[in-house]
Amino acid sequence: MKHPGCGSPFSVRTLAAAAGCKPAAIGHLVSGRYRRTSEERARRIAEVLGCEPTALFALPPSTDLDESTG
């Protein structure tokens with residue numbers, strides 16, 4: 001987890017503090033214990049890391065039916 005502009009990596013604790021969440025939540029995401037998080041938390045983490053949420057988290061499959069497949 002690189003810290004944008006500083007050259008030193010984030011720790012779980014520093015990323016959690018910067019993103020406004022608990023270190024355990026970041027630790028579980030990093031370890032793979034949690035595979036999902038809220039959109040808001042994903043947005044905050046991505047913002048701190050300087051990337052788009054889709055670079056870190058896969059989008060859930062769409063439940064919308066495509067009108068063109070009929």
Side-chain angles (χ1 to χ4, degrees):
M1 296 179 284
K2 296 207 177 187
H3 191 291
C6 293
S8 60
F10 279 106
S11 68
V12 167
R13 288 177 192 234
T14 58
L15 178 56
C21 59
K22 294 182 180 182
I26 299 295
H28 291 315
L29 288 167
V30 169
S31 72
R33 183 171 183 199
Y34 290 172
R35 293 187 209 162
R36 296 188 281 177
T37 192
S38 69
E39 283 186 47
E40 177 62 23
R41 182 179 290 157
R43 186 193 58 73
R44 289 192 322 256
I45 293 168
E47 185 176 304
V48 169
L49 293 174
C51 64
E52 292 295 320
T54 54
L56 302 172
F57 303 96
L59 296 174
S62 175
T63 57
D64 295 334
L65 294 177
D66 184 354
E67 299 276 332
S68 66
T69 59

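What you see below is based on every heavy atom in this structure, not just the backbone, and it leaves out hydrogens, waters and symmetry mates. It should be emphasised that the depicted structure is a prediction, and the values quoted were computed from it without experimental measurement.
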Engineer: In Å and rounded to the nearest 0.5 Å, what is the CD1 to CD distance from Ile45 to Glu40?
Structural biologist: 10.5 Å
Engineer: Taking atom CZ of Arg41 and atom NZ of Lys22, what is their separation to the nearest 0.5 Å?
Structural biologist: 9.0 Å
Engineer: Nearest 0.5 angstrom please: Ile26 CD1 to Thr37 OG1, how far?
Structural biologist: 7.5 Å
Engineer: Going by heavy atoms in the side chains, are Leu15 and Val30 under 4.5 Å from each other?
Structural biologist: no
Engineer: With sequence neighbours left out, what residues match Arg13 under salt bridge (Lys or Arg N to Asp or Glu O under 4.0 Å)?
Structural biologist: none
Engineer: Would you call Arg43-Glu47 a salt bridge at under 4.0 Å N-O?
Structural biologist: yes
Engineer: Tell me the closest heavy-atom pair linking Leu56 and Ala46, and the distance in Å.
Structural biologist: CD1-CA, 3.7 Å
Engineer: Any side-chain heavy-atom pair from Phe10 and Val48 closer than 4.5 angstrom?
Structural biologist: yes
Engineer: For Pro23 and Val12, which heavy atoms make the closest approach, and how far apart are they?
Structural biologist: O-CG1, 3.2 Å
